[in-house]
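This report refers to the structure that appears directly beneath it.
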Protein chains: 2
Amino acid sequence: MTAPATARARARAELTREILDAARAQLATDGADRLSLRAVARELQMVPSGLYRYYASRDDLLTALIVAAYDALGDAADRALAAAPAGDHRRRWRDVCRAVRTWAVSHPHEFALVYGSPVPGYRAPADTVGPATRVYTLLLGVLTDAARAGQLAPAPGGEALPTGLHEDTTALLATLDVAALGAARLLRAITAWTQVLGAVGQEVFGHLAGAFRDDALFFDHTVDLMADLVGLPPG
Amino acid sequence: MTAPATARARARAELTREILDAARAQLATDGADRLSLRAVARELQMVPSGLYRYYASRDDLLTALIVAAYDALGDAADRALAAAPAGDHRRRWRDVCRAVRTWAVSHPHEFALVYGSPVPGYRAPADTVGPATRVYTLLLGVLTDAARAGQLAPAPGGEALPTGLHEDTTALLATLDVAALGAARLLRAITAWTQVLGAVGQEVFGHLAGAFRDDALFFDHTVDLMADLVGLPPG
DNA sequence: GCGTCGTCAAGAGCACCGTTCTCGACGCAG
DNA sequence: CTGCGTCGAGAACGGTGCTCTTGACGACGC
């Protein structure tokens, strides 16, 4: 698939990317459900039906946008973690969370696409679950690092995995190396990540409604509380 | 406006309500941005333009639906609080939170309408801010009751209101009687409510993705952690 | 009791949308 | 250089929110 590289194949790959870029630009300004195949086609000076040569449907284009958003968010988180000091686990946690928030507030529609109300009539295909778990596994890695370094406060619970998890989730966690975290702390980690996402969502979706003079400070407050929750030592 | 009660006025009020009910039914099945004036009109066997005699625009109808959703959620919370034992403040907190979740999972689209990604192009008018704060003030009341009864764990911070709040929020809180809560705890209460909403949103919007066998247990876990956070005594 | 007037239902029409189809043109492999 | 396959153009279908005009009908003043 990658080999032929005829002029036609290259032109096709290029146009496929241009379509995605134009769609992302329109998504950034107008939002997911205002995404219009016709407008994208206009932008690229082609006729609407021409897009169907590259994406089978609006949903297909949406899926590509979702994967792109997950990847952009994952990249931002990766960069934040790489830039954080190796030994300061609480700060690594905080910086990754901050990167998530920063990316979300500067790409609100893309954040909404992946973590907001689902787009009506759209059903996420399996291709999206991989990129979707990137930040989640990254934060779990931060915690296991801290646990291995003996930097995590003791937490109750002894089983390898929390009860109440669905079998698929258990299987996913088994592929990671989370044994150093106890069951109770793993459950708290899932809770903490859910809460961080929830806090970002509340802010991005405007439900904080300007209650705070600086939403970033409120977010830091939440991230700190969640760091306490998972047993990260105070910086 | 309420006085005349002519047959015409009554018919008008009735039809206004029927339109709202039909729209709510359509919202419940199809979602907010699939809400179609034409479909509502079809349902009521009238012509689409006829609806404009009762709601000036699609946005007006949307506003009515938002207020109705806030009220339904507020009513559910009120009922839960009324049914909870007066002295058990932690249980009162938990029951109200549970009622919020229960209402949300059984009315996902209405929940998304008020607490999800904002409907693009729609700007909430001032009429919606009153109903929007109902559950929030209700939970603050639970906490102040507990504080007055001396049932809240001590928390740091001495000022009357948390710093970092916007002036409008400070003004709103001043109308409530939250002096019994310290500044730090008030901030934590706001955090806790944000987190509860976030947890409900994650579940309703499908981002828990079936990670748990029973999402209600996970939610209870979160609510418990948040009760700890605001200093409610263990039940 | 009649005529005016405001309110309302109805319909036509505009500018969009996603999607499907056909058709002519053109690049490229044989 | 011929034929296949891809490509973009264009038209069409049924849907959307919304505006504007038209005509009927009940209420109220005189």
Side-chain angles (χ1 to χ4, degrees), chain A residues 1 3-20 22-23 25-27 29-66 109 113 119-123 125, chain B residues 1-20 22-23 26-27 29-66 109 113 118-123:
Chain A
M1 298 296 176
T6 76
R8 200 123 94 170
R10 272 189 293 108
R12 178 180 178 82
E14 196 167 318
L15 191 45
T16 304
R17 172 160 205 88
E18 277 179 28
I19 292 172
L20 189 68
Q26 186 175 328
L27 169 67
T29 61
D30 290 349
D33 48 3
R34 291 286 176 93
L35 182 67
S36 147
L37 286 191
R38 293 179 118 92
V40 171
R42 262 197 305 270
E43 175 79 19
L44 298 177
Q45 314 239 52
M46 58 193 298
V47 83
S49 57
L51 293 186
Y52 284 79
R53 302 277 180 198
Y54 300 88
Y55 294 94
S57 70
R58 186 174 178 272
D59 277 12
D60 264 36
L61 183 54
L62 220 47
T63 299
L65 285 171
I66 287 175
H109 288 120
L113 183 61
V119 178
Y122 172 80
R123 193 74 202 124
Chain B
M1 296 298 175
T2 60
T6 76
R8 204 127 91 173
R10 271 190 292 107
R12 177 179 180 81
E14 197 167 318
L15 190 45
T16 303
R17 171 159 207 90
E18 278 178 29
I19 291 173
L20 189 67
Q26 187 176 117
L27 170 67
T29 61
D30 290 350
D33 50 1
R34 290 287 176 93
L35 182 67
S36 148
L37 288 190
R38 296 179 113 90
V40 171
R42 263 197 304 269
E43 174 79 19
L44 298 177
Q45 314 240 50
M46 60 193 299
V47 82
S49 58
L51 294 185
Y52 285 80
R53 301 286 180 187
Y54 301 88
Y55 294 95
S57 70
R58 188 175 177 270
D59 276 12
D60 265 37
L61 183 54
L62 219 46
T63 299
L65 285 171
I66 287 174
H109 288 120
L113 184 61
V119 178
Y122 173 81
R123 194 73 204 126

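Below, read A as the first sequence line, B as the second, and so on, with proteins coming before strands; counting in each chain starts at 1. None of these values were measured; they are calculated from a predicted model.
- Around the CZ atom of A:Arg17, the shell of radius 6.0 Å holds no more than 12 heavy atoms that belong to other residues, nucleotides or ligands.
- In the region residues 32-45 of chain A, proximity to DNA chain C at under 4.0 angstrom, judged on heavy atoms, holds for A:Leu35, A:Ser36, A:Leu37, A:Arg38, A:Arg42.
- The shortest heavy-atom contact between B:Thr29 and B:His109 is O-CE1, 3.9 Å.
- No contact: B:Leu61 has no heavy atom under 4.0 Å from any strand.
- Rounded to the nearest 0.5 Å, atoms OG1 (B:Thr16) and CG (B:Leu51) are 10.5 Å apart.
- Protein chain B contacts DNA chain D over a range whose 5' and 3' limits, counting nucleotides with an atom under 4.0 angstrom from a non-hydrogen atom, are D:dT16 to D:dG26.
- In terms of heavy-atom proximity, B:Ala32 sits nearest to B:Leu113 at CB-CD1, 3.7 Å.
- Qualifying side chain to side chain contact (heavy atoms under 4.5 Å, CB included) partners for B:Ala23, counting only residues two or more places apart in sequence or in other chains: B:Leu35, B:Val40, B:Leu61, B:Leu65.
- Contacts with DNA chain D (heavy atom under 4.0 Å) in residues 51-60 of chain B: B:Tyr52, B:Arg58, listed by number.
- Taking OG1 from A:Thr63 and CZ from A:Arg58, the interatomic distance works out to 11.0 Å, rounded to the nearest 0.5 Å.
- Protein chain A touches strand DNA chain C; the 5'-most and 3'-most nucleotides with an atom under 4.0 angstrom of its non-hydrogen atoms are C:dC17 to C:dA29.
- For residues 35-55 of chain B, no pair satisfies side-chain hydrogen bond (donor to acceptor under 3.5 Å, both in side chains), with sequence neighbours left out.
- In this structure, the side chain to side chain contact (heavy atoms under 4.5 Å, CB included) partners of B:Arg34, at least two apart in sequence or on a different chain, are A:Pro120, B:Asp30.
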